[in-house]
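Heads up, the thing below is written out as structure tokens.
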Amino acid sequence: MKVLGTVLGAVALILLVPSARGSEASRTCIFQTLSEPDHKFCRGELEVIYPEVGDVSCSYVPKCHGYRRKLSEEWDAPRVRFPWAKKNKKYVLVMVDPDSPNRTNPKHRFWRHWLVTDILGSDLRVGKIKGKVLTDYSQPKPPRYSGYHRYQFRLYRQPEHKTIALSPEDKKSLGTWDLKDFVEDFDLGHPVASTQFLTKNHKD
Ligand SMILES: *[C@@H]1O[C@H](CO)[C@@H](O)[C@H](O)[C@H]1NC(C)=O
């Protein structure tokens, strides 16, 4: 997918340069892949698919075509696809920002952006996130001048016959969520797949 994205990006570049009509930002469309330490987080071929831009898993959201603004203001929850999901098993999907308010001093880590349980493997295989929504999706809105934020997706196998819920305290706020506690309380173990994309405020 990433290779294809890069190739398409290059083709788009070649096609668009001669006309040179669009604004600076919309002419160049580069899908920059993550640096080594950030790349390590991506495991198990989890795809995160938004409209227009497509799969942003393990890359920076490109600045072209207003993608960063649309991500913050227009697009609803992405499709999240895991081709290796077991059809009849259930999964838990967590989306968090570990860099709130910024990566240097993330005193609100983790910021919970989306939490869905009881997702059927058959739905995950086609990118449909349908289940019990414990936290509604909220769009990534990194504050101005706070640098790049990571938006992480962790997919867990849900233990059989287990009802998962947020504690009343967790429900009160999205920030400073103790993800480790949550994972331990419900025996979620290690993620079966994980990925992240990076973006920053669209005006920066
Ligand atoms: C990062 O956030 C801290 C608060 O946690 C703040 O004091 C600091 O100024 C911020 N730094 C940047 C570069 O935004």
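Order of listing sets the numbers, starting from 1, for every ligand and every atom in it.
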Taking only heavy atoms of P101, which atoms of ligand 1 are found under 4.0 Å from at least one of them?
2 (O), 4 (C), 5 (O)
Distance to 0.1 Å, residue and atom name: give those for the protein heavy atom nearest to atom 9 (O) of ligand 1.
N102 ND2, 4.7 Å
Ion pair R144/D204, N-O distance below 4.0 Å
yes
Could you tell me whether R157 and D118 have a side-chain N and a carboxylate O separated by less than 4.0 Å?
no
Between E47 and R79, does any NZ, NE, NH1 or NH2 come within less than 4.0 Å of an OD or OE carboxylate oxygen?
no
Ignoring hydrogens, what is the shortest heavy-atom contact between K63 and H202? Give both atom names and the distance.
CE-O, 4.1 Å
Is it true that Y151 and H113 have ring centroids separated by less than 6.0 Å?
yes
Atom indices of ligand 1 within 4.0 angstrom of Y145 heavy atoms, with elements:
14 (O)
Taking distance alone, with no angle check, do N105 and ligand 1 share an N/O pair under 3.5 Å?
yes
Would you say atom 11 (N) of ligand 1 makes contact with the protein, given that contact here means a non-hydrogen protein atom less than 4.0 Å away?
yes
